[in-house]
Amino acid sequence: MLDIKFIRENPDLIRQAARRKRLDFNVDQLLSADENRKKILQEIEELRAKQNRASERIAALKNEEEQDAAAKDLRELKEILSKKEYEYRKIDGEWSKLMFDVPNIPDPSVPDGETERDSKEIRKWGEPKKIDFEPKDHISLLSSLNLADLQRGAKVSGFRGYFLKNEAVILSLALWQFVFDEFRASNYEPILAPALVREENLFGSGHFPQSREDVYKTQDDVYLSATAEIPLMGFHSGEVLDETDLPKKYLAFSPCFRREAGSYGRDTKGIYRLHEFFKIEQLILSVADHQDSVKFHEELTGNSEKIVQALGLPYRIVAAASGDLGRAHVKTYDIEVWIPSERRFRESHSSSYYHDFQTRRLNIRYRDKTGKSRFCYSLNNTAIATPRILIAILENFQRADGSVEIPEILQKYTKFNLIKPVFSDR
RNA sequence: GGAGGAGUGGCUGAGCGGUUUAAGGCGCCGGUCUCGAAAACCGGUUAGGGAGCAAUCCCUUCGUGAGUUCAAAUCUCACCUCCUCCGCCA
């Protein structure tokens, strides 16, 4: 959600934002709804003022008969008022609907383009290991090393279902432990976040109303969160923080659920795209300052780079193209790790900032030094997502004999340094 | 799942149809007093929107939404949250 005053004063910026994000949004429709709404609201306020004054006069009358007589005269006013109010509710509903559709404005540095293919490489780290044999893909490694059961996963859980087994389990636990340890000395507060969230949080974070079909809904009308960003943004909703408490930094683990409604044809095999996974997410609430957002965006991205570097995975940072940005986003960096079997980089982390788009919806404010209340700015980034990151680890660390090395940094957690192929079902 | 009770400003807490522009207290800000401070005393102090150069004025806001009424913090209904008890439960 953007400030209506800003929209009134900068309709061209909104038009341009919609064009860059490849969204169909009609600013003029909003502006005319806005004008209409404002006009009716002013009329209602005048009528209410009139009614309030008349009511006060009635209250001053001591005689009940006099009161009744005076009240009679007000019924007509009341009728006009309620008609106006009905009109207002209608236009206000229209107005809100449009307001929820207004895209946030992409930063000028965001590369223009339609899809993922138009993203721009910012920097690169590491060299893919020389593999002098035909590298197996993660699906065949999972199978030969007995690390997952995808058939039974589908039988029990349905399409995209999976069981992780044996060393893959220990490796997952090791990754989570390692990441929380990496942040131990930092001022990121560790959190285990709920996955069940109320609808308002999904609106607040900018996932609703557009992406309803991507989210699971329970029979109690609470939803299964697609990321800890959602409960974490809801954490401070409706609060007025003190400027001295900012920035707030969180590191949250949660299960994540995604319907993947629009991606039936894509990544249908393996564990790249799942309905159910686990993620540790970083999130920052900061003061309302663009330069701060830029600074913290780099910090969040840098934190994740350190993790991927420590794991020894070659990666690159790309700035997502304008058309690939979510409605709520100002700018997004993806970390893409090297996948040997595909000979390409694929997304493992996503680091974004939003200015006050989310905090305005969630009403997360702070009192600045002058005592004025302002909306915080928000940012978030993946710290690690499992099992997806296992794909990169398995493929990059595979050896000619079919075994897989464990990244050195994880060995103190896993207590083993090699995953060996099995030749019979364990 | 069942039975009760409760949600009021930054906090505490009164009000239960109309001088409520929400009492009182705490906190905070300003002032008087003081060499300075504390105490005491005086004044100010919810938030959002709108009109105006400004002084100021208007509307909304007592968990949320709908309703009754000329008028709702106050009455009715639904929902949300918290507390107590019973049941179930890792």
Side-chain angles (χ1 to χ4, degrees), chain A residues 1-9 30-100 102 192 194-204 208-209 217-223 230-231 234-246 248 254-255 288 356 359-376:
Chain A
M1 188 107 69
L2 294 179
D3 186 355
I4 183 63
K5 276 191 227 160
F6 177 86
I7 299 169
R8 283 177 197 143
E9 285 159 20
L30 172 61
L31 289 178
S32 89
D34 180 52
E35 221 166 283
N36 210 345
R37 174 180 177 274
K38 219 174 128 179
K39 192 182 126 242
I40 295 171
L41 190 56
Q42 270 165 4
E43 287 170 9
I44 286 175
E45 285 187 0
E46 261 169 56
L47 288 169
R48 278 186 188 153
K50 212 162 146 189
Q51 189 185 48
N52 287 345
R53 277 194 298 272
S55 281
E56 271 163 47
R57 275 199 297 276
I58 292 176
L61 298 174
K62 292 284 169 286
N63 186 316
E64 226 173 274
E65 276 169 39
E66 279 177 6
Q67 285 189 337
D68 281 348
K72 235 173 235 167
D73 295 340
L74 273 182
R75 288 204 191 118
E76 196 187 343
L77 177 66
K78 197 193 168 186
E79 222 166 278
I80 300 170
L81 187 56
S82 74
K83 261 186 211 145
K84 279 279 170 209
E85 278 169 338
Y86 175 77
E87 215 180 314
Y88 176 76
R89 266 198 294 272
K90 233 172 65 185
I91 187 73
D92 186 57
E94 228 173 275
W95 181 85
S96 307
K97 202 165 164 281
L98 289 164
M99 282 297 280
F100 273 118
V102 178
L192 285 184
L196 284 171
V197 293
R198 292 148 153 286
E199 192 179 42
E200 67 218 45
N201 302 293
L202 289 147
F203 271 98
F208 277 14
K217 183 181 184 177
T218 71
Q219 70 265 44
D220 295 316
D221 285 351
V222 288
Y223 297 78
I230 295 161
F235 192 68
H236 286 294
S237 65
E239 296 182 17
V240 183
L241 305 166
D242 203 281
E243 178 161 0
T244 55
D245 294 332
L246 296 174
K248 289 267 183 200
S254 81
D356 59 2
T359 56
R360 190 177 288 278
R361 290 186 179 191
L362 288 161
N363 198 19
I364 304 173
R365 293 171 298 170
Y366 68 98
R367 215 167 285 291
D368 71 11
K369 287 178 196 111
T370 68
K372 193 173 151 38
S373 79
R374 312 176 63 116
F375 291 108
C376 295

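Throughout, protein chains are lettered first and strands after them, A, B, ... in sequence-line order, and every chain is numbered starting at 1.
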For [N] and [M], measure between their [atom1] atoms and round to the nearest Å.
| N | M | atom1 | result |
| --- | --- | --- | --- |
| B/G9 | B/U21 | C1' | 14 Å |
| B/A37 | B/U56 | P | 30 Å |
| B/U64 | B/A73 | P | 11 Å |
| B/A71 | B/G17 | C1' | 8 Å |
| B/G7 | B/C75 | P | 11 Å |
| B/U8 | B/C62 | P | 12 Å |
| B/G36 | B/U32 | P | 11 Å |
| B/G43 | B/G25 | P | 11 Å |

Quick check on [N]: is either OP1 or OP2 less than 4.0 Å from any side-chain nitrogen or oxygen of [X]?
| X | N | value |
| --- | --- | --- |
| A/Arg48 | B/C59 | no |
| A/Lys50 | B/C58 | no |
| A/Ser55 | B/G17 | no |
| A/Arg53 | B/A71 | no |
| A/Asn52 | B/A71 | no |

Side chain of [X] (C-beta onward), nearest among [options]:
| X | options | result |
| --- | --- | --- |
| A/Gln51 | B/C80, B/C70, B/G50 | B/C70 |
| A/Lys38 | B/A47, B/C80, B/G50 | B/G50 |
| A/Ile58 | B/A51, B/G48, B/G18 | B/G18 |
| A/Ser373 | B/A47, B/C70, B/C58 | B/A47 |
| A/Gln42 | B/A71, B/A47, B/G50 | B/G50 |
| A/Lys78 | B/C70, B/G50, B/C59 | B/C70 |
| A/Arg75 | B/G49, B/C70, B/U81 | B/C70 |

Original post:
Taking all atoms of both residues into account, what is the closest heavy-atom pair of A/Leu98 and A/Ala33, and its distance?
Top reply: CD1-CB, 4.2 Å

**OP:** Of all the heavy-atom pairs spanning A/Tyr366 and A/Cys376, show the shortest one and how long it is.
**Re:** CD2-SG, 3.8 Å

**OP:** Answer yes or no: is there an ion pair linking A/Arg48 with A/Glu85, defined by an N-O contact shorter than 4.0 Å?
**Re:** yes

Original post:
Do NZ/NE/NH1/NH2 and the carboxylate oxygens of A/Asp34 and A/Lys38 come within less than 4.0 Å?
Top reply: no

Would you confirm whether [X], through its side chain, and [Y], through its main-chain N or O, come within 3.5 Å as a donor-acceptor pair?
| X | Y | result |
| --- | --- | --- |
| A/Arg37 | A/Glu94 | no |
| A/Asp220 | A/Val222 | no |
| A/Arg360 | A/Phe375 | no |

Value in whole Å for how far the [atom2] atom of [N] lies from [atom1] of [X]:
| X | N | atom1 | atom2 | answer |
| --- | --- | --- | --- | --- |
| A/Asn201 | B/U81 | CG | P | 12 Å |
| A/Asp34 | B/G49 | CG | P | 13 Å |
| A/Asp92 | B/C59 | CG | P | 20 Å |
| A/Leu41 | B/A51 | CG | C1' | 12 Å |
| A/Ile40 | B/U60 | CD1 | C1' | 17 Å |
| A/Ile364 | B/A47 | CD1 | P | 19 Å |
| A/Glu85 | B/U69 | CD | C1' | 14 Å |
| A/Glu46 | B/U60 | CD | P | 13 Å |

**OP:** Evaluate whether atom CD of A/Glu243 has more than 12 neighbouring non-hydrogen atoms of other residues, nucleotides or ligands under 6.0 angstrom away.
**Re:** yes

Subject >> Inter-residue atom distance A/Gln51.CD - A/Ile80.CD1, 0.5 Å rounding >> reply: 11.0 Å

Original post:
Starting at the 5' end of RNA chain B and moving along, which residue's nearest nucleotide shows up first, A/Ala49 or A/Glu56?
Top reply: A/Glu56

Original post:
Of A/Arg198 and A/Arg89, whose closest RNA chain B nucleotide lies nearer the 5' terminus?
Top reply: A/Arg89

Original post:
Starting at the 5' end of RNA chain B, what dot-bracket string do you get if Watson-Crick and G-U pairs under 3.5 Å are bracketed, crossing pairs use [ ], other-strand pairs use | and unpaired bases use dots?
Top reply: ((((((((.[[[..)..(.....]]]((((((.......)))))).(((((....)))))..[[[[[..)....]]]]])))))))....

**OP:** Pick base, sugar-phosphate or nothing for A/Ala54, based on heavy-atom distances below 4.0 Å to the nucleic acid.
**Re:** nothing

**OP:** In sequence, state the C-alpha distance, the side-chain angles, and the governing distance for A/Met99 and A/Ile7, and then conclude on side-chain contact (heavy atoms from CB on, under 4.5 Å).
**Re:** CA-CA 10 Å; A/Met99 282 297 280; A/Ile7 299 169; 3.9 Å; yes

